[in-house]
Protein chains: 2
Amino acid sequence: MRIGELAARSGVSVRALRYYEEQGLLDAYRSGSGQRHYPEAAADRVHLIQMLYAAGLSSRTIADLLPCVEAKASTPASRARLAAERDRIDAQIAALTRTRDRLDAVIHLSGSPESGCAWIADEDVAAEAGHSATP
Amino acid sequence: MRIGELAARSGVSVRALRYYEEQGLLDAYRSGSGQRHYPEAAADRVHLIQMLYAAGLSSRTIADLLPCVEAKASTPASRARLAAERDRIDAQIAALTRTRDRLDAVIHLSGSPESGCAWIADEDVAAEAGHSATP
DNA sequence: CTTGCCTCTGACGTCAACGTCAGGTTTTAG
DNA sequence: CTAAAACCTGACGTTGACGTCAGAGGCAAG
């Protein structure tokens, strides 16, 4: 498939895909005229790239670890970096959880004391989708 | 206390504190000569600001919601925004958890098949701090 | 053939949360 | 009193992951 279709399928911009290539995260076959062509599997790879970007990894780090993650195989060296990143993500999850709980506390403390902020009905509560402590 | 001490106590730079003030997140008493002075409570506020920044909230959003969070009181309007941010954070936690689990899978799949990647000893495992599925 | 859409490279623009530097004032230590 | 350290405002620099625009080709349809 060409770049436009890959962009549509993976939900990222054409610009982003060219940027990924520039960063060594994604390679493409070139047709004679220079146009990029991708195999089906490229969409999965792009999703994986986005997943890692969303976790706060840099282009450089992703470039280093992406082969391992795709192949589900690691060398001792890469495993150390993978573990380091995992620990960072764990810490981030912990911090986010504390932040979320703090917001939750504010939300559920029945509003401001002196504002006539009653529980009128459940319409507001219903809008808040399901929430347990740690799903 | 003055800005340098607050910076030291809260672990952020002096520049960051001035930036927070510029964004309306932190106010300071000014001495006659124009120097900023902060009460003890400012350190907690700075920690809270950092907490919210780390959760991906923008300066604008933090400025809007910080009073609610500090006072643990919310109006119906602010509660909606708080809930929206909490949902965003929840989604982020879920995504991070999936990413972490993916990295974990790669890490624990006993290395690359053909590399002589043995479990030599527990020194490597011990270095990986405690890890359960969902602490 | 030409119309219209897709693609190419190259290069500058953006945005947020600060870093850093310049040039000057204030506070503190000796 | 004086030198060092801390502080002030103002302004430009940085970084990463793209957005956007310009100008030039490529490709199937009518």
Side-chain angles (χ1 to χ4, degrees), chain A residues 1-39 42-43 45-66 85 88-89 92 95-96 99, chain B residues 1-39 42-43 45-66 85 88-89 92 95-96 99:
Chain A
M1 74 185 90
R2 291 191 301 172
I3 199 170
E5 192 180 343
L6 178 57
R9 285 202 202 181
S10 53
V12 308
S13 71
V14 166
R15 177 67 174 92
L17 294 178
R18 289 200 269 248
Y19 177 73
Y20 297 164
E21 182 172 338
E22 192 182 320
Q23 299 298 307
L25 309 180
L26 190 61
D27 46 342
Y29 308 115
R30 296 304 186 106
S31 71
S33 60
Q35 298 206 342
R36 294 171 177 85
H37 289 267
Y38 302 90
R45 192 178 178 101
V46 172
H47 284 138
L48 190 50
I49 292 171
Q50 289 271 297
M51 191 176 188
L52 297 175
Y53 268 131
L57 282 76
S58 68
S59 291
R60 181 78 165 84
T61 304
I62 296 179
D64 291 350
L65 300 182
L66 196 51
E85 293 301 331
R88 225 181 32 72
I89 294 173
Q92 202 178 336
L96 285 175
T99 304
Chain B
M1 73 183 90
R2 291 192 302 171
I3 199 171
E5 191 179 343
L6 178 57
R9 285 203 203 180
S10 53
V12 307
S13 70
V14 166
R15 177 66 174 94
L17 294 178
R18 289 201 270 250
Y19 176 74
Y20 296 163
E21 182 172 337
E22 193 182 319
Q23 300 297 309
L25 308 180
L26 189 63
D27 46 342
Y29 308 114
R30 296 304 187 108
S31 71
S33 61
Q35 298 208 341
R36 295 172 177 85
H37 288 267
Y38 302 90
R45 192 179 179 101
V46 172
H47 285 138
L48 190 50
I49 291 171
Q50 290 270 299
M51 191 175 189
L52 296 175
Y53 268 131
L57 281 78
S58 67
S59 291
R60 180 78 164 83
T61 304
I62 296 178
D64 290 349
L65 299 181
L66 196 51
E85 294 301 331
R88 225 182 32 71
I89 295 172
Q92 202 178 337
L96 285 174
T99 304

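Reminder, nothing fancy here: chain letters follow the sequence lines and each chain counts from 1.
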**Complete:** Between Y53(B) and H37(A), whichever has its closest DNA chain C nucleotide further toward 5' is H37(A)
**Prompt:** What is the distance, rounded to the nearest whole Å, between atom CZ of R15(A) and atom P of dC8(C)?
**Reply:** 12 Å
**Message:** Checking Y20(A) against S59(A): is there a side-chain donor and acceptor pair closer than 3.5 Å?
**Reply:** no
**Asked** Where do R9(B) and V46(B) land on the side-chain contact (heavy atoms from CB on, under 4.5 Å) test, with the steps shown first?
**Response** CA-CA 10 Å; R9(B) 285 203 203 180; V46(B) 172; over 6 Å; no
**Request:** Specify the separation, in whole Å, of atom CG of L17(A) and atom C1' of dT7(C).
**Result:** 13 Å
**Prompt:** Between dA17(C) and Y19(B), is there an OP1 or OP2 to side-chain N/O distance shorter than 4.0 Å?
**Reply:** yes
**Asked** Are S58(B) and dA16(C) close enough that a side-chain N or O sits under 4.0 Å from OP1 or OP2?
**Response** no
**Item:** Separation of atom CZ in R36(B) from atom P in dC7(D), rounded to whole Å
**Value:** 10 Å
**Prompt:** Just how far, in rounded Å, is P of dC18(C) from OH of Y20(B)?
**Reply:** 4 Å
**Request:** Could you pick out which residue, S33(A) or R18(A), lies toward the 5' side of DNA chain D when each is mapped onto its nearest nucleotide?
**Result:** R18(A)
**Asked** How many Å lie between CD on E22(B) and C1' on dC15(C), as a whole number?
**Response** 14 Å
**Request:** Starting from the 5' end of DNA chain C, give me the residue, L57(B) or S31(B), whose nearest nucleotide shows up first.
**Result:** L57(B)
**Prompt:** Under 4.0 Å between a side-chain N or O of R2(B) and OP1 or OP2 of dT27(C)?
**Reply:** no
**Request:** Check every strand shown and say whether R60(B) touches a base, only sugar-phosphate, or nothing at a heavy-atom separation below 4.0 Å.
**Result:** nothing
